[in-house]
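The structure appears below as structure tokens.
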Amino acid sequence: MEKEQEDILQKDRSVRACISSGYRLYTSNFKRIFRYSWVAAIVYAVITSIGGTLMITHPELTFVSLPLFIIIEALFLSYGFAVLKQHQETGSIGWAPRWFSINTHIFVRTIIAWLWTLVICIISGCILAAVGIAAAKYLSGYTAIACFVLFNVLIFVFFLPLLYTNMRYVLTDGISYWQNLHERYGIGMRRWGFIFLILFITALIGAVCAVITSFPAIILSIAGNEANMGYLTGDPYNMPSYIGWLAAAVFLIIGFIQAYIVLSFLFPLYYMYGAIDTHEKEKKNFNKSAI
């Protein structure tokens, strides 16, 4: 009972508490999470393997796997959201009822959040490109570079609250994406520093784990890129004939492992969302009682 009270969502937490609670929930329930998601993790790993192999053997075709990868990543993350939804409603994570199932409601909301975020990123990228072109044309030297960097920083600043609004949208029924964004974006902006610290620390942990597990793929990628560059300049292609199969096997294993590194990001962000919502509720209640 004490552990359940410690792991409840609706609790005002510090940055450290959000991260530790998130990873504790993830690691203590990993067997149950794995049973929910292992099939999706295999599919995720297969698509990663295809993309990684194409990057080494046919780099010009890498973009072909990108749209499929986005859909599969949304599918895999929806399993994490489904587990978190169960924890939000019941205070615990149970065993999967069968070896493979999809929560279509959560999956659809995850896809919607993914797509709208992608649209926002594309629009921001187009604006960024326009600013870069204008800066290069009308400004010179360090002024143009400073302008370009400043605009990059501004995009990051305005993008960060989406981590909170997207998490809330997927886990909250009966609200549209844009309604949720309209109601909660300002709150996310006010708690920008809180969100940034959680993102920075979890991204740092994830990056270290990703680099360690990706080391064989990094070596393969470097060797493949050097071979492709040499081939373009007229040198013989000096990679062995089995490189495609080797790359596929390496990226398959690494993709499966990294699927669960990616999934672990959701859990600190889950408690971040709960902490922000709880803080806002307590603040509203305090203001009402003070009147």
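Below, each value reflects all heavy atoms present in this structure, side chains not excepted, and no hydrogens, waters or symmetry copies.
- For the pair Asn180 (side chain) and Ser176 (backbone), a donor-acceptor distance under 3.5 Å is absent.
- Note: Thr202 OG1 to Leu269 CG = 5.5 Å, rounded to the nearest 0.5 Å.
- Inter-residue side-chain proximity for Tyr260 and Phe34 is flagged as met; some heavy-atom pair is nearer than 4.5 Å.
- Applying the salt bridge (charged side-chain N to carboxylate O under 4.0 Å, His left out) criterion to Arg184, with sequence neighbours excluded, gives Asp277.
- Using a 4.5 Å heavy-atom threshold, the side chains of Leu25 and Ile93 count as touching.
- Between Ile195 and Gly188 the shortest heavy-atom distance is CD1-O, 3.5 Å.
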Hey, mind stepping through Ile112 and Tyr169 against side chain to side chain contact (heavy atoms under 4.5 Å, CB included) and telling me if it holds?
CA-CA 10 Å; Ile112 291 171; Tyr169 166 72; 3.4 Å; yes
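- In this structure, Lys85 and Val170 have side chains that are not in contact, with every pair of non-hydrogen atoms separated by 4.5 Å or more.
- Here the closest non-hydrogen pair linking Ser124 and Ile155 is O-CD1, 3.6 Å.
- By the criterion of side-chain heavy atoms lying less than 4.5 angstrom apart, applied directly or through intervening Ile, Leu, Val, Met, Phe, Trp or Tyr residues, Val119 is grouped together with Val108 in one hydrophobic cluster.
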With side chain to side chain contact (heavy atoms under 4.5 Å, CB included) as the criterion, how do Ile47 and Phe251 come out once you've worked through the C-alpha distance, each side chain's angles and the decisive distance to 0.1 Å?
CA-CA 9 Å; Ile47 300 303; Phe251 279 102; over 6 Å; no
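- Side-chain contact between Val15 and Met272 is absent, with no heavy-atom pair separated by less than 4.5 Å.
- Counting only heavy atoms from C-beta outward, the side chains of Arg109 and Ile175 approach each other to under 4.5 Å.
- Using cut-offs of 30° and 60° for the angle between ring planes, the Tyr26 and Phe30 rings count as perpendicular.
- From Ile120, atom CD1 reaches atom CZ of Phe159 across 8.0 Å, with rounding to the nearest 0.5 Å.
- Between Glu280 and Arg190 a salt bridge is recorded (basic side-chain N to carboxylate O distance below 4.0 Å).
- The cluster map of Ile, Leu, Val, Met, Phe, Trp and Tyr, joined by side-chain heavy atoms under 4.5 Å apart, puts Ile212 and Val262 in different clusters.
- Here CD1 of Ile201 is found 9.5 Å from CZ of Phe196. Values are rounded to the nearest 0.5 Å.
- Shown here is His105, whose NE2 atom has more than 12 heavy atoms of other residues, nucleotides or ligands within 6.0 Å.
- Annotation: ring pair (Phe, Tyr, Trp, His ring centres under 6.0 Å) contacts of Phe265 (sequence neighbours excluded): none.
- Across every non-hydrogen atom of Leu263 and Gly80, the tightest pair is CD1-CA, 3.6 Å.
- Looking only at side-chain heavy atoms (C-beta outward), Asn103 and Tyr79 stay at 4.5 Å or farther from each other.
- Cluster membership for Ile123 and Leu163, using ILVMFWY side-chain heavy atoms within less than 4.5 angstrom, is shared.
- Aromatic pair His87/Tyr270: ring centres closer than 6.0 Å.
- The line from CD of Gln258 to OG of Ser264 is 10.5 Å long, rounded to the nearest 0.5 Å.
- Nearest heavy-atom pair across Cys18 and Tyr271 is SG-O, 3.6 Å.
- Partners of Tyr44 according to the ring pair (Phe, Tyr, Trp, His ring centres under 6.0 Å) rule, which considers only residues two or more places apart in sequence or in another chain, are Phe69, Phe76.
- Here the closest non-hydrogen pair linking Ala45 and Gly255 is CB-C, 3.8 Å.
- In summary, the side chains of Thr165 and Tyr177 do not present any donor paired with an acceptor at a separation below 3.5 Å, with no hydrogens or angles considered.
- Between the side chain of Ser14 and the main chain of Ala17, a donor-acceptor pair closer than 3.5 Å is present.
- Separation of atoms CG (Leu197) and CZ (Arg191) is listed at 11.0 Å; rounding is to 0.5 Å.
- Contact of the Val83 side chain with the Gln88 side chain is not registered, since no non-hydrogen atoms from C-beta on lie closer than 4.5 Å.
- Using a 4.5 Å heavy-atom threshold, the side chains of Ile42 and Leu252 count as separate.
- In this structure, Ile72 is not a member of the same hydrophobic cluster as Ile257, with clusters built from ILVMFWY side-chain heavy atoms closer than 4.5 Å.
- Summarising the geometry, atom CH2 belonging to Trp114 is positioned 4.0 Å from atom CD belonging to Glu73; distances are rounded to the nearest 0.5 Å.
- In this structure, the side chain of Trp192 does not engage the main chain of Leu160 through any donor-acceptor pair within 3.5 Å.
- A donor-acceptor pair under 3.5 Å is formed between the side chain of Thr278 and the backbone N or O of Lys11.
- Taking all atoms of both residues into account, the shortest heavy-atom contact from Gly94 to Tyr36 is O-CE1, 3.2 Å.
- Using a 30° and 60° split on the angle between ring planes, Tyr273 and Tyr164 fall in the tilted class, from 30° to 60°.
- Note: the hydrophobic cluster containing Ile261 does not contain Val46 (ILVMFWY, side chain heavy atoms under 4.5 Å, direct or indirect links).
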